[in-house]
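Okay, so here's the structure we're looking at.
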Number of protein chains: 2
Amino acid sequence: MTHALSNGIEFNAPAMALAVKRLGVRMTFPKGVEIFGQDEEADLVYGLMSGAVRTTRMLSDGRRQIGNFYSRGDLIGLTTGPVHRFSAETLSDCSFRVVKRSSIQLHGGDDELDDAIWEAMRRELEQAQEHLLFLGRTSACERVARFLISIAPRNSSARVALPMNRQDMADYLGLAIETVSRTVSHLQASEIIEFSGCRYFRVLRWDALELLAA
Amino acid sequence: MTHALSNGIEFNAPAMALAVKRLGVRMTFPKGVEIFGQDEEADLVYGLMSGAVRTTRMLSDGRRQIGNFYSRGDLIGLTTGPVHRFSAETLSDCSFRVVKRSSIQLHGGDDELDDAIWEAMRRELEQAQEHLLFLGRTSACERVARFLISIAPRNSSARVALPMNRQDMADYLGLAIETVSRTVSHLQASEIIEFSGCRYFRVLRWDALELLAA
DNA sequence: CGGTTAGTTGACCGACGTCAAATTAAGTGG
DNA sequence: CCACTTAATTTGACGTCGGTCAACTAACCG
């Protein structure tokens, strides 16, 4: 199975992993730095080998929307035309395989890579559209429940680490940080989930959680 | 200039128009019918020659989110993998040029068509991500203002037709129909826009409208 | 000209945001 | 490892934007 948080290409999509591994140059970033910025020229494509990344978009007055979270195996930086419309930042120390966009153009004959990029694009779009539905038409509780479900390995009661903080969750879900916190507390009070610290949780009752996710 | 409502490929993107015109079979649909349904197999790609279309996604309890509106020159039905995750319905009588997905696959050597489809995909994604930001982080007023701006030809005070009804606007913007109505009324009371009937409007003060759109 | 549907307006209410304070977690230098 | 500092999260009190319900009005159509 793919890790549920992963939204781009997974390592189990062999074409991608192989193509990026084969072509890519290794690169590392520490926690909390910008990989590329909003409105910067989109030159490189990043295959995430380890760590976690968020993509964010700012409004002029500072309101922030997180587009997506990425983890091991995801492909980052494809999402745009000539210019990035989201910035990407590391949530933890990360290592990548990086390939130049231009080299992709040149690689016209490379079907394996072409397919992988097409597939990654498709997934990115699918994700965005799914996200749309949730931002437009669901309650805070449904969003948080859905989010936790998307992160925890399905039907497992194992402890899961959240790579992002509460503010990141809030900006992803289109909620205030206090609302996220309250909702999580409420789920915990209902004995549907259980947190140990604010970065680790386990699902106690999947049926209840899925009911709440609509 | 491209028509601002158009969100996919425009007719002024010559590759698309030509490719679909060249390859497509003509097809027409009356107003208010489904072109393809959610979860149906995605077999055909539709180049819209005239009329208007919406794509919608339903939650099990009937809540609806509109993904996008399309008009003359847009390419519809690309957005998914093997299965459509949105349904598409006509807002008015429509005519299309239709091509089979499979014939696109076969057309590997057809760079013109490949480029056009890639570009359409890119735009679809761009649109979805822009929409995300608005659903997640803006007020009702900002959404409505932005929506009207996206429909009216920029800086023109010409009368514009809305191809969709208020419920469609509401489901696109993630608002209740009453909220859309109230907001429109308010903009009109402020003499920023002017409606003649509920399907035609003109922008009286672009500066003010853009200010409200954030 | 009734009848039907779509849109508007008003009254009310609740979910979620805001502001502030309390609590917990995470660093950091000794 | 501990005391201290600082940042992150939680909790509470309260206000508001936008949703809901209902009544009214305008557009549409045979």
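Every chain is numbered from 1, with letters handed out A, B, ... down the list of sequences. What you see below is based on every heavy atom in this structure, not just the backbone, and it leaves out hydrogens, waters and symmetry mates.
- Straight-line distance from the CG atom of B/Asp168 to the C1' atom of C/dG7: 13 Å, rounded to whole Å.
- If you take OH of A/Tyr200 and C1' of C/dA26, they are 13 Å apart, rounded to a whole angstrom.
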Please output the side-chain donor-acceptor pairs of residues 43-52 of chain B that fall under 3.5 Å, not counting sequence neighbours, one pair per line with the distance.
unit_1  : atom_1 : unit_2  : atom_2 : d
B/Ser50 : OG     : B/Ser95 : OG     : 3.1

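- The pair B/Arg123-B/Glu126 fails the salt-bridge criterion, with no side-chain N (NZ, NE, NH1 or NH2) lying under 4.0 Å from an Asp/Glu carboxylate O.
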Its contact letters, B for base, S for sugar-phosphate only and - for none at protein heavy atoms under 4.0 Å, make nucleotides 10-24 of chain D read BBBB----SSBB---
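- Put simply, CZ on A/Arg199 is 6 Å from P on D/dT9, counting in whole angstrom units.
- The pair A/Glu130-A/Arg146 does not count as a salt bridge, with every side-chain nitrogen at least 4.0 angstrom from each carboxylate oxygen.
- Protein atom CD of A/Glu142 is 12 Å distant from nucleotide atom P of C/dA15, rounded to whole Å.
- Partner B/Asp171 forms a salt bridge (charged side-chain N to carboxylate O under 4.0 Å, His left out) with one of B/Arg63, B/Arg64, B/Arg54 and no other, that one being B/Arg64.
- Open room surrounds CD on B/Glu41; 12 or fewer heavy atoms of other groups in view lie less than 6.0 Å from it.
- Spacing between atom CE of A/Met169 and atom P of C/dC16 amounts to 14 Å, rounded to whole angstrom units.
- As a whole-Å value, the separation of A/Leu173 CG from C/dC16 P is 12 Å.
- Summarising the geometry, the separation between NE2 on A/His186 and C1' on C/dA15 is reported as 13 Å, rounded to the nearest angstrom.
- If you check the side chains of B/Arg57 and A/Gln129, you find no donor sitting under 3.5 Å from an acceptor.
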